[in-house]
Undergrad: 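One structure follows; several queries about it will come next.
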2 protein chains.
Amino acid sequence: MRVTMRQVAERAGVSAMTVSRVINESLRVSEGARTRVEAAIAELGYVPNRLASGLIRRKTGAIGVIVPDVANPFFTLVVRGAEEVAWRAGYHVILCNTQGDLERERGYLEDMLAFQVEGLLIVPAGDQSRPSLRVLKKNDVPFVIIDRSIAGHDGDLVQGDSVAGARRLIEHLIALGHRHIGMVTETSAVSTARDRLQGYKEALAAARIQFRPELIVEASAIDVGAAHDATVKLLDLLDPPTAIFSVNNIAVVGVAEAARERGLAIPRDLALVCFDDIEHASRFLPFLTVMVQPAETFGTIATQLLLDRLAGQVSERRRIVVLPADFIVRESCGAHVPVDDAAA
Amino acid sequence: MRVTMRQVAERAGVSAMTVSRVINESLRVSEGARTRVEAAIAELGYVPNRLASGLIRRKTGAIGVIVPDVANPFFTLVVRGAEEVAWRAGYHVILCNTQGDLERERGYLEDMLAFQVEGLLIVPAGDQSRPSLRVLKKNDVPFVIIDRSIAGHDGDLVQGDSVAGARRLIEHLIALGHRHIGMVTETSAVSTARDRLQGYKEALAAARIQFRPELIVEASAIDVGAAHDATVKLLDLLDPPTAIFSVNNIAVVGVAEAARERGLAIPRDLALVCFDDIEHASRFLPFLTVMVQPAETFGTIATQLLLDRLAGQVSERRRIVVLPADFIVRESCGAHVPVDDAAA
DNA sequence: TGCTTTCGTGGTAACGGTAACGCGATCTTT
DNA sequence: AAAGATCGCGTTACCGTTACCACGAAAGCA
């Protein structure tokens with residue numbers, strides 16, 4: 001049986017109320033009583049029950065974070081940033097992992113509500129996440145969407161500029177002479193995938209290169225195997241691409257695997273660019289040319305927006321923060337020096 | 001204000017008790033009442049308050065997981081495995097990140113208790129974590145230690161065989177002709193670091209190679225920069241090592257950075273081995289020769305042990321599971337074919 | 001038909017804390 | 001020295017839900 005406040009009170013020879021005061025405000029408690037209570041707490045190993053105090057105070061000091069995949073270094077960093085800021089503000093983070101599955105997302109979302117989190121940070125699985133968010137509104141729980149906008153939703157949002165980022169990557173490839181550029185993307189229900197495809201198209205259009213739909217293949221962004229299979233389809237084309245743009249850092253692993261199987265050396269036989277670094281890998285062997293988004297900042301800023309809402313009443317109905325990405329040229333395109341910088 | 005059960009009851013024209021029954025057992029409720037209650041729940045977006053129900057039922061359906069660093073792919077996989085098993089058993093996972101900091105570990109541990117988790121999985125920061133565990137015992141909360149044993153503690157444990165693994169890695173290096181083998185390790189308060197150092201020594205002894213303390217350098221296992229600096233010390237020796245054994249997958253990133261700065265090519269100028277893969281990186285560019293521990297299995301088995309304790313009373317006082325690691329030879333030692341396999 | 005057994009439902013207490021108030025004892029003020 | 005202010009602490013009620021018991025109505029049984 002877990003130690004309760006009354007047990008502490010009895011041992012210290014005071015009432016429960018005095019124990020509560022020692023734990024919380026620490027005002028108006030005599031030195032003697034406080035000492036005895038503290039001793040009793042230490043002896044019994046008492047830990048206050050936050051369910052009980054949360055119930056009456058209507059505050060739990062917890063915020064929920066829901067991401068599709070904690071194993072994705074991008075989201076891992078988002079979470080770390082969020083946790084850092086939350087911790088400093090005296091909040092705890094409860095983390096959930098949806099594997100990009102809508103049902104699981106919905107389940108965890110309700111679980112977080114059930115645990116009475118005071119607010120939520122959500123990287124939604126996609127546009128279909130929208131109905132789930134209505135529950136949050138009905139219960140008056142503030143939340144901030146991260147990374148992906150949701151069509152038709154108008155709450156706080158922290159995201160990158162996927163259109164511009166993708167355009168920049170493709171321009172780089174074009175400047176290096178590539179005309180057949182494949183793209184491994186994920187479902188268009190995810191706004192970043194939509195936007196990056198648009199950036200791709202814009203870059204082609206600007207260079208007067210015909211858009212060829214067969215160069216676009218789709219895979220789940222959680223599953224490396226799916227990206228591998230999609231890449232194989234690209235490489236099997238009669239007229240295969242000389243460069244591939246991967247929609248993110250997970251898919252790019254599948255692309256690399258497929259290329260290696262085919263005996264294609266990168267960048268000699270195939271150029272490769274993608275969004276978001278593979279944390280650790282990028283330091284161990286800096287190789288991939290990427291648009292690096294400030295993932296940790298996504299987390300810190302989103303948390304800040306949320307804390308604002310929790311603290312006072314923020315006047316604006318909606319706040320959108322767009323964070324720029326860094327373009328880093330490494331080896332995977334065969335251009336150590338960014339040859340197209342002069343043109344940009 | 002959040003929607004409560006009474007509001008649902010009022011709208012459905014029944015008592016709170018009936019609403020509770022609809023939500024839980026779903027026994028002994030008339031079809032009509034159930035329908036009306038379910039409609040009211042949907043309309044209002046009602047989510048039951050788990051603080052309240054947890055308070056009275058003494059069950060929250062949550063287990064806590066405490067790891068030093070979610071950004072470390074090894075721990076990320078442990079967490080994923082744990083979450084998978086927990087979810088299937090109807091439990092939720094609350095995840096915490098200590099950054100290897102004892103104080104933070106202690107804080108989160110109490111937080112988890114405060115949230116009334118039913119059990120805990122812990123990758124402790126080190127031997128000094130022991131006092132914190134006493135709080136768990138006093139409160140009768142079952143827990144399983146993962147990855148690192150704690151001197152003097154005798155609870156359930158899931159770990160790898162670090163001694164044998166390290167010995168195998170070093171034998172490999174010796175078979176390739178290396179005699180000057182450096183090791184970048186972390187504080188000996190962490191059992192895996194101790195054990196891996198012992199494996200290192202055993203392998204040297206078996207080959208009648210003199211142990212040289214100056215070849216062992218210590219760094220924090222969380223911080224890549226520290227590993228980098230430690231490696232620099234090794235490379236600055238008058239008689240620098242021709243091979244380096246990194247205690248884990250994070251430190252090895254710092255080793256690689258330091259080597260690159262010095263213009264040392266791996267494996268040409270320096271051979272490199274380590275414990276645990278860098279997830280994603282290992283698939284993107286399979287390069288490192290490693291002992292790969294089944295991280296996800298660490299998580300699943302530990303969770304299973306915990307669930308056993310939660311379900312019934314497990315008879316044994318203590319259970320220890322030791323999981324073997326896979327030795328994978330890749331390029332970082334210059335031996336694609338494991339030349340010493342015949343000798344092993 | 002009268003009796004017991006089920007079924008569907010509601011009332012009440014309790015989980016472990018805290019807000020609000022009350023009350024005697026000490027301290028301050030004029 | 002009397003009046004009020006402050007201090008230290010306890011009592012009571014309540015947060016939202018569920019365990020437990022009770023009760024009327026319908027159903028089963030003799």
Side-chain angles (χ1 to χ4, degrees), chain A residues 1-38 40-41 44-62 110-111 113-118 139-141, chain B residues 1-38 40-41 44-62 110-111 113-118 139-141:
Chain A
M1 183 54 120
R2 258 139 110 147
V3 182
T4 84
M5 185 179 255
R6 275 180 244 286
Q7 292 171 38
V8 175
E10 196 176 345
R11 189 178 193 102
V14 296
S15 76
M17 208 42 234
T18 302
V19 178
S20 176
R21 275 190 273 256
V22 170
I23 290 170
N24 298 303
E25 24 175 8
S26 72
L27 278 166
R28 302 205 167 198
V29 179
S30 68
E31 207 45 57
R34 163 174 292 114
T35 312
R36 272 177 299 135
V37 168
E38 280 166 353
I41 288 176
L44 297 174
Y46 168 70
V47 177
N49 184 331
R50 227 193 274 280
L51 300 192
S53 73
L55 190 56
I56 192 156
R57 287 214 276 211
R58 278 98 183 288
K59 290 204 84 197
T60 51
E110 294 201 353
D111 285 338
L113 276 194
F115 272 116
Q116 308 297 108
V117 296
E118 295 180 33
N139 283 275
D140 269 334
V141 177
Chain B
M1 184 53 122
R2 257 139 111 146
V3 182
T4 85
M5 188 180 254
R6 274 183 246 284
Q7 290 172 39
V8 175
E10 196 176 344
R11 188 176 193 105
V14 296
S15 75
M17 225 16 252
T18 302
V19 177
S20 176
R21 274 190 274 256
V22 170
I23 291 170
N24 299 303
E25 22 173 11
S26 72
L27 278 166
R28 302 206 170 193
V29 179
S30 68
E31 206 45 56
R34 164 174 293 115
T35 313
R36 272 176 299 136
V37 168
E38 280 168 354
I41 289 176
L44 298 173
Y46 168 69
V47 176
N49 185 329
R50 230 196 273 280
L51 301 191
S53 74
L55 188 56
I56 193 158
R57 287 214 278 212
R58 280 101 183 289
K59 288 205 84 195
T60 52
E110 294 201 353
D111 285 339
L113 277 194
F115 273 116
Q116 308 298 108
V117 295
E118 296 179 32
N139 283 275
D140 267 335
V141 177

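Chain letters run A, B, ... following the sequence lines, proteins first, then strands; residues in each count from 1.
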Undergrad: Check the distance between C:dG17's P and A:Ile41's CD1 and give it to me in whole angstrom.
TA: 10 Å
Undergrad: Spell out protein contact along nucleotides 7-15 of chain D as letters: B when the base is contacted, S when just the sugar-phosphate is, - when no protein heavy atom is under 4.0 Å; keep the 5' to 3' order.
TA: BSBBB--BB
Undergrad: Could you tell me whether the side chain of A:Arg57 reaches within less than 4.5 Å of the side chain of A:Asn24, counting heavy atoms only?
TA: yes
Undergrad: Using a 3.5 Å distance criterion without hydrogens, assess whether the side chain of A:Arg58 forms a donor-acceptor pair with backbone atoms of B:Arg2.
TA: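 No, because the side chain of A:Arg58 does not come within donor-acceptor range (under 3.5 Å) of the backbone of B:Arg2.
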Undergrad: Taking B:Arg36 for the side chain and B:Ala12 for the main chain, is one N or O donor matched with an acceptor at less than 3.5 Å?
TA: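 Side chain of B:Arg36 to backbone of B:Ala12: a pair is present.
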Undergrad: Is there a side-chain contact between A:Ile41 and A:Ile23, using heavy atoms and a 4.5 Å cut-off?
TA: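 Side chain of A:Ile41 against side chain of A:Ile23, heavy atoms only: contact under 4.5 Å found.
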Undergrad: Counting only side-chain N and O atoms of A:Asn49, is one of them less than 4.0 Å from OP1 or OP2 of C:dC15?
TA: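 Answer is no, no contact under 4.0 Å.
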Undergrad: For B:Lys59 and D:dT17, give me the distance from atom NZ to atom C1', rounded to whole Å.
TA: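 Rounded to the whole Å, the gap is 16 Å.
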Undergrad: For B:Met5 and C:dC15, what is the distance between atoms CE and P respectively, to the nearest whole Å?
TA: 19 Å
Undergrad: Once you build an axis from the first five pairs and another from the last five of the helix from C:dT1-D:dA30 to C:dT30-D:dA1, how far apart in angle are they, to 10 degrees?
TA: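 If I round to tens, the end axes sit 30° apart.
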Undergrad: Given side chains that start at C-beta, do those of B:Val19 and B:Val14 come closer than 4.5 Å, heavy atoms only?
TA: yes
Undergrad: I'd like to check the salt bridge (charged side-chain N to carboxylate O under 4.0 Å, His left out) partners of B:Arg11; sequence neighbours left out, ordered by chain and number.
TA: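 In terms of salt bridge (charged side-chain N to carboxylate O under 4.0 Å, His left out), with neighbours along the sequence ignored, B:Arg11 is linked to B:Glu43.
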Undergrad: At less than 4.0 Å, is any side-chain N or O atom of A:Tyr46 found next to OP1 or OP2 of C:dG16? Yes or no.
TA: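 No, no such contact exists.
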Undergrad: Quick one: B:Leu113 CG to C:dG17 P, roughly how many Å, whole number?
TA: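 The answer, rounded to whole Å, is 12 Å.
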Undergrad: Do the side chain of B:Glu118 and the main chain of B:Thr60 share a donor and acceptor less than 3.5 angstrom apart?
TA: yes
Undergrad: Is there a donor-acceptor pair under 3.5 Å between the side chain of B:Asn139 and the backbone N or O of B:Val141?
TA: no
Undergrad: Any donor-acceptor pair under 3.5 Å linking the side chain of B:Ser20 with the backbone of B:Ala16?
TA: no
Undergrad: With a cut-off of less than 4.0 Å, is there a side-chain N or O of B:Thr4 near OP1 or OP2 of D:dG16?
TA: no
Undergrad: In whole Å, I'd like the distance from the CG atom of A:Asn24 to the P atom of C:dG17.
TA: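 Interatomic distance, CG of A:Asn24 to P of C:dG17: 11 Å.
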